[in-house]
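First comes the structure, then the notes that go with it.
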Amino acid sequence: MQDTYDAQAVEREAQEFWESRASFRVTEDTSRPKYYCLSMFPYPSGKLHMGHVRNYTIGDVLTRYYRMRGYNVLQPMGWDAFGLPAENAAMSNKVPPARWTYDNIAYMKKQLKSLGFALDWDRELATCRPEYYKWNQWLFTRLFRKGLAYKKTGVVNWDPVDQTVLANEQVIDGRGWRTGAVVEKREIPMYFLRITAYAEELLSALDELPGWPEQVKLMQKNWIGKSEGVRVGFPYELDGRKETLWVFTTRADTLMGATFCAVAAEHPIALHAARSNREVREFVEECKRGAVMEADLAQLEKKGLPTGIFATHPLTGEKIPVWVANYVLMGYGEGAVMAVPAHDERDFEFAEKYGLPIKPVIRHALGDTVPAPWKPEYAEHGVCINSGKYDGMDFGQAVDAIAADLAAKRLGEKQTQWRLRDWGISRQRYWGTPIPIIHCPACGDVPVPEKDLPVRLPEDLVPDGTGNPLARLPSFYETKCPQCGKDARRETDTMDTFVDSSWYFARYACPDADRMVDERARYWMPVDQYIGGIEHAILHLLYSRFFTRAMRDEGLLPGLAEPFTNLLTQGMVLAESYYTEADGRREWVNPADVIVEKDAKGKVLAARRKSDGAPVVYGGIGTMSKSKNNGVDPQALIDRYGADTARFYTMFASPPTNTLEWSDESVEGSFRFLRRVWAFALAQHKAHKTTDVQKDARHEIHATLRQANYDMQRHQFNTVASACMKILNVLEKLPSPGTATAVEGLSILVRLLAPITPHLAHHLWRECGFGEDMLHAAWPEPDPAALEQDEVELVVQVNGVKRGTVRVPREADRAALEPLVTSLDFV
RNA sequence: GCGAAGGUGGCGGAACUGGUAGACGCACCGGAUUUAGGUUCCGGCGCCGCGAGGCGUGUGGGUUCGAGUCCCACCCUUCGCACCA
């Protein structure tokens with residue numbers, strides 16, 4: 001055994017050992033319980049970032065932990081390889097996205113291997129390969145024939161200078177990121193997946209996911225947004241034609257207080273008014289400017305204009321004005337709302353601003369009137385007033401009565417409304433899965449027949465930022481109709497990359513299958529533990545739940561509804577940022593190049609740049625980003641301290657679900673700990689062995705182990721790491737090496753460390769003679785004799801009234817304790 | 001704007017059911033060893049105070065014998081967004 005801890009040598013040796021034995025290759029084995037541990041696959045952006053290291057270390061700790069407990073564990077890895085950054089890189093480097101992507105994959109794979117993850121690389125997949133995206137296309141054509149995929153118009157961000165569609169990300173403050181031009185909304189035909197067909201099931205099944213964080217389930221529930229209400233019709237006339245303006249409301253009890261209606265700028269009424277009224281036309285134009293991002297729209301000042309059109313109130317017969325308003329969205333519900341200013345905050349503000357009538361129809365906690373300013377009580381349920389025959393009814397009675405009266409007039413009925421909308425998957429971009437549709441002038445939209453799949457994406461194009469190069473490539477889009485054989489045009493839009501990531505977990509079970517998935521998926525699915533960033537709490541996870549059901553209903557995954565049994569959402573990795581300021585311009589300085597000065601108590605006094613000593617300003621803590629130059633390259637960490645230190649640090653520094661704030665100093669502490677472990681093991685290695693048992697130390701080690709076992713179960717890896725440090729502290733204080741307690745303590749410590757620092761554990765396990773391959777060493781199960789509590793709980797009473805409990809060590813001398821609390825009684 | 005989560009020393013975090021707040025690590029301070037140290041070891045370390053003591057878990061209230069933990073209001077930070085109907 002070497003005198004000093006040489007991480008690089010230890011890690012090389014362990015990795016070669018695992019490689020030579022194919023330690024992590026797994027097959028279906030029905031004799032053992034299976035455990036499918038999956039981390040969200042990376043986008044091949046170039047190199048690993050700290051978020052990857054954290055994510056995959058969590059997965060690897062669980063993988064190795066379950067392996068040591070005898071499970072048949074699958075941990076695969078692949079690449080979410082389609083997407084926008086590859087096109088951007090292509091534009092700046094003049095290299096095809098494919099080339100850039102494959103180069104990145106090769107480099108990042110090398111990095112992942114250097115971290116020693118227990119991955120089955122035989123199952124690697126990349127979504128940009130035809131063998132993979134063929135099945136995106138295949139499933140799409142199946143869903144298309146079923147009507148679960150369909151075409152309609154959707155709204156996109158349009159850059160009028162580059163004549164191209166922009167992603168939300170490419171719109172900055174309402175302008176195109178390359179051109180600076182004000183972005184416009186534009187409606188274009190797109191393909192949608194009918195996720196709303198599964199809305200009810202996606203919602204109700206959340207109750208049967210005990211292994212998911214409540215927070216994520218709640219966010220999904222709110223996202224799906226089931227609401228029970230009434231669809232109400234307001235008749236109106238347009239150029240002599242009788243029409244009905246339909247709105248949806250959850251507050252039909254307030255219908256008698258509706259004093260106007262508001263429609264979206266894209267609504268037919270608004271468009272009609274725009275033709276004859278210049279003001280309305282300008283307002284509609286104004287609403288079209290700007291991006292489609294809903295978070296931005298929500299913060300716009302509420303504005304509107306009367307359309308000059310009046311609708312008839314379905315109950316009173318009164319004429320009420322129809323306004324066009326920027327806060328009404330065409331994509332939600334009917335694109336129109338009825339406004340009840342007295343009992344809705346937004347309508348209240350709007351009515352106040354434009355002098356529209358406010359008619360209270362509900363008795364609320366503060367009375368029968370609704371004086372400004374707005375009070376939340378106005379929106380609460382109450383008894384109807386000023387509502388004619390509905391006076392005195394409560395919410396439920398009024399809704400029932402009004403819905404019945406509307407139904408009698410054929411102007412309404414009860415309806416369930418969902419917030420969830422169908423999923424638009426068309427992207428006017430090159431680097432994605434081609435949508436397998438052929439547009440035939442005679443036959444219409446024809447799905448590509450199975451025998452012609454995949455529709456291959458040419459891999460040698462270089463986009464230039466002015467639209468999809470596929471649309472300029474006749475050899476791609478010129479084709480024949482598969483039905484009639486006449487000239488036809490192939491669809492050039494590609495799929496949203498969320499399609500790729502909505503089923504990859506099932507493909508890992510059978511990466512070489514000649515079908516989308518085969519029977520091996522029945523063995524491995526569902527994923528037992530899924531790990532990934534909290535930022536995917538809604539979209540990716542919801543789409544995956546939808547896809548699993550769609551695949552189930554295609555007969556691909558019989559009986560499977562939920563893809564992920566347990567979900568762990570890791571927190572973001574954050575870092576401090578610093579900048580220098582000159583002429584009002586900020587230059588961001590990487591934290592690695594900053595020296596921080598502290599006072600005698602460790603408080604930060606000042607910071608300066610290493611190179612020239614220039615003072616730098618603290619820019620706060622935040623996610624690692626290029627713009628703030630505060631990224632920490634994990635490769636530097638691995639090169640300097642080794643993979644085990646990187647792994648130990650990321651586990652130890654913070655509980656997995658919290659944000660992790662980067663700290664160079666703590667890395668050093670982790671490395672120092674591993675070196676101490678090495679030194680202790682070396683001393684045992686050299687020592688003369690005795691059978692001496694140090695009772696107190698042994699007791700403390702086992703107590704710490706029990707706590708660590710418990711913490712591992714609840715995924716508190718940071719306290720497991722702390723437990724390792726505590727055990728070493730105990731071991732180092734033993735009077736002499738080589739005792740039975742020292743040897744047993746070391747074997748416990750190494751086994752506890754094995755999931756976190758597998759290379760070091762592997763090496764010490766062999767050197768200290770515990771066995772050849774520690775992957776087969778059982779996780780230390782608590783000693784049943786010691787399982788009895790380490791502490792006993794004493795109930796403290798005063799005059800017979802329970803005043804709490806006191807925990808004392810089991811060995812504590814009760815007689816010695818009693819005098820300290822003479823006024824109390826122990827029970 | 002809406003939905004979700006979180007605020008504990010100089011820092012990351014412990015504290016399981018309401019019961020000694022600050023485990024473990026970092027930083028910092030003191031000491032020892034060392035030719036030296038960005039080494040190792042030992043000790044100290046919430047704040048105020050010479051001290052006795054007082055104050056302390058974002059802020060302000062409340063429940064309780066007892067609150068980091070439960071309730072109400074507010075402030076701040078982070079994540080998500082297809083705004084609300």
Side-chain angles (χ1 to χ4, degrees), chain A residues 154-155 168 195 213-223 225 227 229 232 247-251 262 292-300 302 325-329 331-340 344-347 417 419-424 533-539 569 571-572 574 576 596 598-605 620-623 648-649 652-655 657-670 672-673 675-676 679 704 707 710-711 714 716 718-726 728-729 732 793 795-796 798 801-807:
Chain A
V155 189
N168 282 345
I195 188 173
E214 288 305 318
Q215 139 201 23
V216 173
K217 287 191 278 187
L218 194 53
M219 281 194 267
Q220 293 224 346
K221 182 183 174 213
N222 292 336
W223 186 263
S227 55
V232 184
V247 304
F248 174 82
T249 178
T250 54
R251 288 302 301 274
V292 297
M293 256 174 293
E294 308 227 346
D296 288 351
L297 293 173
Q299 277 159 103
L300 289 179
K302 310 266 179 282
N326 64 355
Y327 65 87
V328 181
L329 299 183
Y332 190 85
E334 310 280 353
V337 297
M338 70 176 202
V340 184
D344 179 281
E345 182 171 9
R346 198 192 36 218
D347 295 344
Q417 178 95 350
R419 211 187 77 94
L420 183 70
R421 295 187 220 156
D422 280 338
W423 174 14
I534 182 68
E535 66 272 21
H536 295 295
I538 297 177
L539 290 176
T569 48
M572 315 281 289
L574 309 179
E576 292 172 325
V596 175
K598 294 179 178 175
D599 69 6
K601 289 186 173 170
K603 285 187 192 172
V604 175
L605 289 175
I621 202 146
T623 50
F648 190 89
Y649 168 72
F652 173 64
S654 181
T657 54
N658 281 22
T659 55
L660 186 156
E661 288 174 33
W662 181 261
S663 150
D664 280 320
E665 289 94 349
S666 293
V667 174
E668 184 75 35
S670 297
R672 220 174 293 161
F673 166 68
R675 212 163 45 185
R676 276 167 58 203
T704 309
Q707 183 64 42
Y710 173 70
D711 289 340
R714 40 173 210 147
Q716 294 295 303
N718 56 322
T719 50
V720 175
S722 283
C724 294
M725 290 179 158
K726 275 187 206 172
L728 183 62
N729 284 344
E732 285 180 336
E793 193 167 84
V795 177
V796 180
V798 176
V801 178
K802 180 180 170 185
R803 299 305 283 272
T805 56
V806 178
R807 282 168 171 249

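Below, read A as the first sequence line, B as the second, and so on, with proteins coming before strands; counting in each chain starts at 1.
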Identify, with sequence neighbours excluded, every residue that meets salt bridge (charged side-chain N to carboxylate O under 4.0 Å, His left out) alongside D422(A).
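Partners of D422(A) by the salt bridge (charged side-chain N to carboxylate O under 4.0 Å, His left out) criterion come out as none, since no residue qualifies.
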For R676(A), salt bridge (charged side-chain N to carboxylate O under 4.0 Å, His left out) partners two or more places apart
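Result, salt bridge (charged side-chain N to carboxylate O under 4.0 Å, His left out) vs R676(A): E732(A).
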Taking side-chain contact (heavy atoms from CB on, under 4.5 Å) as the definition, give me every residue that meets it alongside [X], ordered by chain and number, with sequence neighbours left out.
{"X": "S670(A)", "value": "T645(A), F648(A), Y649(A), F652(A)"}
{"X": "A339(A)", "value": "F260(A), D347(A)"}
{"X": "N168(A)", "value": "N157(A), V292(A), M293(A)"}
{"X": "K726(A)", "value": "T704(A)"}

Look at the side chain of [X] and decide which nucleotide, out of [options], has an atom nearest to it.
{"X": "E535(A)", "options": "G12(B), G80(B), G25(B)", "result": "G80(B)"}
{"X": "M219(A)", "options": "G25(B), G3(B), C81(B)", "result": "G3(B)"}
{"X": "N222(A)", "options": "C16(B), A14(B), A4(B)", "result": "A4(B)"}
{"X": "Q215(A)", "options": "G12(B), A4(B), C16(B)", "result": "A4(B)"}

Anti/syn call for G6(B), syn if |chi| within 90°:
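Because its glycosidic torsion lies more than 90° from 0, G6(B) adopts the anti conformation.
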Partners meeting side-chain hydrogen bond (donor to acceptor under 3.5 Å, both in side chains) with [X] (sequence neighbours left out):
{"X": "D711(A)", "answer": "Q707(A), R714(A), T719(A)"}
{"X": "Q215(A)", "answer": "none"}
{"X": "W223(A)", "answer": "none"}

May I ask you to say what [X] touches in the nucleic acid, namely base, sugar-phosphate or nothing, with a heavy-atom cut-off under 4.0 Å?
{"X": "N729(A)", "answer": "sugar-phosphate"}
{"X": "V328(A)", "answer": "base"}
{"X": "L660(A)", "answer": "nothing"}
{"X": "Q220(A)", "answer": "nothing"}
{"X": "W223(A)", "answer": "base"}
{"X": "P213(A)", "answer": "nothing"}
{"X": "N168(A)", "answer": "sugar-phosphate"}
{"X": "A537(A)", "answer": "nothing"}

Where RNA chain B forms stems, i.e. three or more consecutive Watson-Crick or G-U pairs with both distances under 3.5 Å
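Paired runs of 3+ in RNA chain B: B:1-7 with B:75-81, B:10-12 with B:24-26, B:28-32 with B:40-44, B:46-48 with B:53-55, B:58-62 with B:70-74.
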For the C1' atoms, the ones on A27(B) and on U35(B), what distance do you get once it is rounded to whole angstrom?
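These two C1' atoms come out 28 Å apart once rounded.
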Between protein and nucleotides 21-23 of chain B, what N or O pairs are separated by less than 3.5 Å?
from   : atom 1 : to      : atom 2 : distance (Å)
A23(B) : O2'    : K726(A) : NZ     : 3.3

Every protein N/O lying under 3.5 Å from an N/O of nucleotides 37-43 of chain B:
from   : atom 1 : to      : atom 2 : distance (Å)
G38(B) : N2     : R640(A) : NH2    : 2.7
U40(B) : OP1    : R675(A) : NH2    : 2.7

N658(A) side-chain N/O to G13(B) phosphate OP1/OP2 under 4.0 Å
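Yes, within the criterion.
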